[in-house]
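Notes follow once the structure below has been shown.
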Amino acid sequence: MERYFLTTAIYYINDKPHLGSVSETIAADFVARYQRKLGKQVLFSTGTDEHSQKVERTAQNLGLPVAEYTAQAAAAWKSLFDKLGISYSRFIRTTDADHVKVVQDMFQKLYDHGDIYKGSYEGWYCVKDEEFLLESDLVGGKCPHCGLDVQHVSEANYFFRLSRYQDRLQQWYEDHPDFVSPEARYNELINVIRGGLKDISVSRSTVKWGVPVPFDENQTVYVWFDALINYATTAGYGTERFAKDWPADLHLIGKDITRFHGIIWPAMLLALEMALPRHIFAHGFWNFEGEKMSKSLGNVVDPAALITDLSSMIGVDDSLAVDVVRYYLCRESTYGLDADFSSQRLLLRFNTDLANDLGNLLNRTLNMFSRYKDKLGGQSLEPKMDVGRVFETAIAAIRADYDALQFSAGLEKSWGLINLLNKMIEDDKPWALAKSNDFVALSSHLATLLTGLWYVANLIEPCMPTVASRILSAINRPQSNWIDLTWNSPGPMVPQVDSTVLFPRIQPDQLERFLSAQTARKASATTQLPSQSPAPAPSSAEELVTIDDFAKIHLRVATILEAERVPETDKLVKIRARVGNEERTIVAGIGKHYEPADLVGRQIVIVANLQPRKLRGITSHGMLLAASAGEEMALLTPMSGLPDGADIH
Ligand code: MSP
């Protein structure tokens, strides 16, 4: 079986996890699950970076022995990753005994080969970033990366002969234009290498909480040197397995730590005569509603709190809320570039992509199945081949996206398939097929939906593992890797109709609670003025109305509580809707386009002050708004949930 080895950076143990930092491990989990879907055996590591003076100090401040403090903090990181559904093969801690041994072996080997030598360091050190800095690196006397104060350091320590590897590194970059991506990061690094590399300090005499230098008891290994080696420990350095798993196929890291991974780490490997990683991908940063996420601004998004807020708002369990967050992070960013977290966008993605597109598709399929299954006895269940061909072509394109870590583009294509199935329901009008007793067409329609959903669930599994497994159990079909997906008869159809509702729609009061919880979590509020744009000119010579004319019409948001067909009509649906504090009945001519059951819970826009009128003996109090073009019709609905009764201006 082909193997695939990928890693995330390991997290500073004394930092609290935030949505930005864990987004890296979520993206890596996406890749790990995707590679498994391609039939590969995946080795996937994440973990904690535990040595350094700041860790020792944090433990002291808490009054805990440092080993006890790191054990507790590592357990908290690990349990967060478990909650996020991260399918790591190893959660590595740099205090793990096997890792400490690998670090010491490598340090000794480099020393024996003359790649490490004793010298003295005089200069600056940033404790936050654990980085040695030159005077010329400082910006206004502070660390150029985090902006914090730096320490002046003057100590005897060991140096790694980075300069010795400059030419070979440059050659490597020139021969491997795909070594680092995105391209901007590759260019940045090759330029640094061309500009010349200096030897670097790789031990500390003043830090006690670190891996002891094997041949000098007064020194510990520099925390970055120790941390980078975690990748070799995970692959089983010094054991038989190592030959199979080395080198890494992918190091996934953030844009702030490219020099460590793209220059120092490959030079260490060249010195150790070990193969270099196949690929390094440096992603961008998540900001918070336009600002950099930072503790000092108080705007870091706590992933655990976000999940709790979401699950209580949507009324689903935590593992589904986790998938909502995973989907949002992967769909809402162009991977490699910076992205911006916004609670509003998260809810919009939830309402449109998850509750409406995907949730509805599953509900409609299962509802139709339960309604028509008795009529289908004896029909063969052949999914439509033309739809199957569209799916097969899309999978090839989705693979190309995921191979390039373009998660959003691949998900967008998967949603193209979901909406193809939704549109097929509208085009085929299965309720009309049932009415005209066309059971051959109806069974092919249902078989196409079930097979399509089977594909969709397996395609979205890397992003949303819980959603995928709930869909698969609802339609009673197996997990499958992508190679074994075949577009053929789903066999006897036995969906588990009970477990239908994946994502209940967000009710207005729940939505408000969520947004205010998110706002309350944001310590520094910024006020943004809406941008002023000129009024658009009327697009045609339509008869113009004045604002006073328009003000006579009261448009309001309503929530549909019940919907049923008006007996003996194709077209009319009787709706019971809540508009603010009142409930009213509205009769609407939408029966050819919507199944009444699918309308319940939806928000619509109604003309609230229309004179009542009788249709088929039922008095309709208002009219709902829909857009139509030829045969097509779509109900108008607010983009995000609102209190019903809300005015539309
Ligand atoms: N311990 C080092 C890495 C050693 S790897 C051998 C470190 N740790 S970190 O906790 O500061 O960062 C871990 C990862 O999280 C890094 O890849 C970093 O880029 C990423 N992120 C931290 N904040 C982030 C965002 N706001 N957005 C996206 N990723 C971010 O550096």
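One-based numbering, in listed order, for ligands and for the atoms of each. What you see below is based on every heavy atom in this structure, not just the backbone, and it leaves out hydrogens, waters and symmetry mates.
Pairs passing the ring-ring contact (aromatic ring centres under 6.0 Å, His included) check and including a residue from residues 47-74, sequence neighbours excluded, read His51-Trp209.
Where the criterion is an N or O separation shorter than 3.5 Å, residue side chain and backbone included, Tyr11 fails it with respect to ligand 1. Considering backbone and side-chain N/O of Asp49, one or more are found under 3.5 Å from N/O of ligand 1. Between Trp286 and ligand 1, at least one pair of N/O atoms sits closer than 3.5 Å. Note: an N/O pair closer than 3.5 Å links Gly254 and ligand 1 by distance alone. Taking only nitrogen or oxygen atoms, main chain and side chain alike, Trp224 does not reach within less than 3.5 Å of ligand 1.
A salt bridge is absent between Lys109 and Glu273; no separation between the charged side-chain nitrogens and carboxylate oxygens falls under 4.0 Å. A salt bridge is defined here as a Lys NZ or Arg NE, NH1 or NH2 lying under 4.0 Å from an Asp or Glu carboxylate O, and Glu56 with Lys208 fails to meet this definition.
Aromatic ring pairs are classed by plane angle as parallel below 30°, tilted from 30° to 60° and perpendicular above 60°; the pair Tyr158 and Phe215 is perpendicular.
In this structure, Trp265 does not count as a contact residue of ligand 1, since none of its heavy atoms falls inside 4.0 Å of the ligand. Not a single heavy atom of Phe260 sits closer than 4.0 Å to an atom of ligand 1.
Of the candidates Ala339, Ser52, Ser23, Gly20, it is Gly20 that places a heavy atom closest to atom 25 (C) of ligand 1. For atom 19 (O) of ligand 1, the candidate residues are Asp256, Ile10, Thr258, Ile257; the nearest heavy-atom contact is made by Asp256.
Side-chain atoms of Asn157 and Ser201 form a donor-acceptor pair, as typed in the model, at a separation below 3.5 Å. Side-chain contact of Asp105 with Tyr237: a donor-acceptor pair under 3.5 Å is absent, judged by distance alone.
Taking the ring centroids of Phe132 and Phe159, they lie at or beyond the 6.0 Å cut-off.
Remark: ligand 1 atoms within the under-4.0 Å shell around heavy atoms of Ala227 are 6 (C). Listed by atom number, the atoms of ligand 1 under 4.0 Å from Ile253 heavy atoms are 17 (O). Listed by atom number, the atoms of ligand 1 under 4.0 Å from Gly284 heavy atoms are 28 (C).
Atom 9 (S) of ligand 1 has its closest protein heavy atom at Tyr12 CD1, 3.7 Å. Glu24 OE1, 2.5 Å is the protein heavy atom nearest to atom 17 (O) of ligand 1. The single protein non-hydrogen atom nearest to atom 6 (C) of ligand 1 is Tyr231 OH, 3.5 Å, given as residue, atom name and distance.
When heavy-atom distances to ligand 1 are checked against a 4.0 Å cut-off, Glu130 has no atom that comes that close, whether in backbone or side chain.
No donor-acceptor pair closer than 3.5 Å links the side chain of Gln219 to the backbone N or O of Val202. One N or O on the side chain of Thr352 and one on the backbone of Leu348 form a donor-acceptor pair closer than 3.5 Å.
Tested against Tyr327, the residues Trp415, Phe407, Phe503 include a single ring pair (Phe, Tyr, Trp, His ring centres under 6.0 Å) partner, Trp415.
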